[in-house]
Amino acid sequence: MPAKPVVTRIAPSPTGSMHIGTARTALFNWLYARHTGGKYLLRIEDTDRERSTEANVQIILDGLDWLGLNPDEPPVSQYARIDRHREAVQQLLDTGHAYRCFMTVEEVAVEREIARAEGRAIRSVWRDRDAGAGSNDPYVVRFKGPLDGETIVEDLIKGPVVFGNKELDDLVLLRTNGDPTYNLAVVVDDHDMGVTHVIRGDDHLNNAARQSLIFQALGWELPAFGHLPLIHGPDGAKLSKRHGAQAVGEFADMGYLPEGMRNYLARLGWGHGDDEVFSDEQAIAWFDVKDVVKAPARLDWAKLNHINNQHLRKADDDRLAALTHTALQGQGQQLSADVEARLRRVVGLVKEGAGTIQELAGLCLFAVRQRPLTLDEKTIGLLGAETRERLARLRTRLAEEADWSPENLAAALKSFAENEGVGMGKFGPALRGVLSGGAVAPDLASALAALGSDEGLGRMDDALCSAQ
RNA sequence: GGUCCCUUCGUCUAUCGGUUAGGACGCUAGAUUUUCAUUCUAGAAAGGGGAGUUCGAUUCUCCCAGGGACUGCCA
């Protein structure tokens, strides 16, 4: 069967910030398109003129760009296609698949209440009436759905989902003001854009039945549907602000790497055996919509941090240093050129302990500090006369080292301890405090190497002189 | 209220009628380490409940319960 090339799309609505669930939907569409060698498109669903804003469109564009999920073709504005939508409605009207409904919003509200009480779908009295041509009263155009039989949505993820047609109401296609509604626009656009696979959130599963009916009424071929379960918060409730974050931009600000996000999001609702940490290439090779899990998944920060940490380890240190620099600037830190160089050296030494760039910045803080450091209580307590003298000897010893590589420094520290006839424990903690001021820092040799000889020895001098 | 979806360790998942139900995160305990972290080892931890099909159900069917979505001239 020579299947036609796959075309997927992500169709966010610019009525708010970009939800992390939207990001995952985009990822799955992208993965599937890449996996099949097809195309991945973007359509901005901006038919709601009241709530759609340019700023929100930009947020979506930026979010996708950050995630590395840019579409293969320029984004399509749904609203810009309004004439085409009206044309489709006219076709539906002409073929008897739609009708003008003159019910007022008040009348509809009443009917809705009655229909609900009777446990049936809402119907308009205008459905079978000759819509008085020439009337100047405002009207909407409703879809004239079948009253019996059933509509089956062959979902790629859920399997066949059966809907009784009598349960499906005659949804509005064209508003009183002549603007098309979402359900109509989606069908027309997906058809015109050649979308073969509609992969979207679970919340649209019910719509899929109505849209299928519209596709058929228009005489168009149905795309394949795949409805993704939603992402919930850690407590199982719908993901919202109180869970820490829901917008893509917030994850970026917290210091997650796009590749880490992609990896984690892919694992949320999809898996490939025991594989946990993988590359985009692997995900593309392995991904298939039919393997998506049916149940909703909860966002787990600990695991996100772990996955992100794995990608942080693989990331290039120059890139990490730049990101960390930006994070530190965000905290109000201004770094001089030599401090920047120090940052570049330290980033690779401490990244194993960081889940995010923000955490990485915290781990680098010891190196970024300006001399003279303010020592913490604990360190001051450790600096007894004996330790001071020992550190002074160590300072002299280290000053003789030309090679400030972690390896060589580690050897130097070890031989120094041996010469002194003591264990590292006798001066290690104090040296650590002197070098870091009490902040977290990597092992002594690495910390020294990252600081560099001038800064390292300088910090020792500061501590040894100041309190004397 | 109605329609639809979902239900394996705390969490994310594997299993596609026969397994000691596997892995990962997190957690606990050890080891290593100058602290923290890292690393290593070990451990606790699961099929919502009830029928049925079957020689045999986590896996298939049905019922119930719980959770969720939709039910807009929002998308």
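Values below: all heavy atoms of this structure, side chains included; hydrogens, waters and symmetry mates excluded.
In this structure, A:R120 reaches neither bases nor backbone, as no heavy-atom distance under 4.0 Å exists between it and the strands shown. Contact annotation for A:P12: no contact, since no heavy-atom pair falls under 4.0 Å across all strands.
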Seminar exercise, completed: With B for base contact, S for sugar-phosphate-only contact and - for none (protein heavy atoms under 4.0 Å), nucleotides 4-11 of chain B reads SSSS---S

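Each of A:L413 and A:V108 lies near RNA chain B, and the nucleotide nearest A:L413 is the one positioned closer to the 5' end.
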Nucleotide N/O of nucleotides 41-43 of chain B paired with protein N/O under 3.5 Å:
none

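Between the C1' atom of B:U13 and the CD1 atom of A:I307 lies a distance of 11 Å, rounded to the nearest Å. Atom NZ of A:K414 and atom P of B:U33 are 11 Å apart (whole Å).
Between A:T47 and B:A75, a side-chain N or O to OP1/OP2 separation shorter than 4.0 Å is present.
Listed nucleotides B:C73, B:G23, B:U71 differ in distance to A:R116; the shortest reach to its side chain belongs to B:U71. Side-chain atoms of A:R210 lie closest to B:C70 of the nucleotides B:U34, B:C70, B:A75.
Remark: A:Y32 pairs with A:H197 by the ring-ring contact (aromatic ring centres under 6.0 Å, His included) rule, at least two apart or across chains.
Contacts classified as ring-ring contact (aromatic ring centres under 6.0 Å, His included) and involving residues 169-190 of chain A (residues at least two apart or in different chains) are given here: A:Y182-A:H204. Listed by first and then second residue, the ring-ring contact (aromatic ring centres under 6.0 Å, His included) pairs involving residues 139-172 of chain A are A:F102-A:Y139 (not counting sequence neighbours).
Within residues 344-369 of chain A, the residues having any heavy atom closer than 4.0 Å to RNA chain B are, in order of number, A:E352, A:G353.
With both ends at atom C1', the span from B:A69 to B:A75 equals 14 Å, rounded to whole Å. For the C1' atoms, the distance from B:C25 to B:A45 is 13 Å, rounded to whole Å. When the P atom is used for both B:G23 and B:A46, the distance is 14 Å, rounded to whole Å. Taking atom P on both nucleotides, B:C36 is separated from B:U28 by 15 Å, rounded to a whole Å.
Of the nucleotides present, B:G2 is the one that pairs with B:C70 by Watson-Crick or G-U wobble criteria, both distances under 3.5 Å. Pair check for B:U28 finds B:A42; Watson-Crick or G-U wobble, both atom distances under 3.5 Å.
Looking at heavy atoms from C-beta onward, A:L304 lies out of side-chain contact with A:D300 at the 4.5 angstrom threshold. A:L398 has its side chain within reach of A:L457: a pair of non-hydrogen atoms, C-beta onward, lies under 4.5 Å apart.
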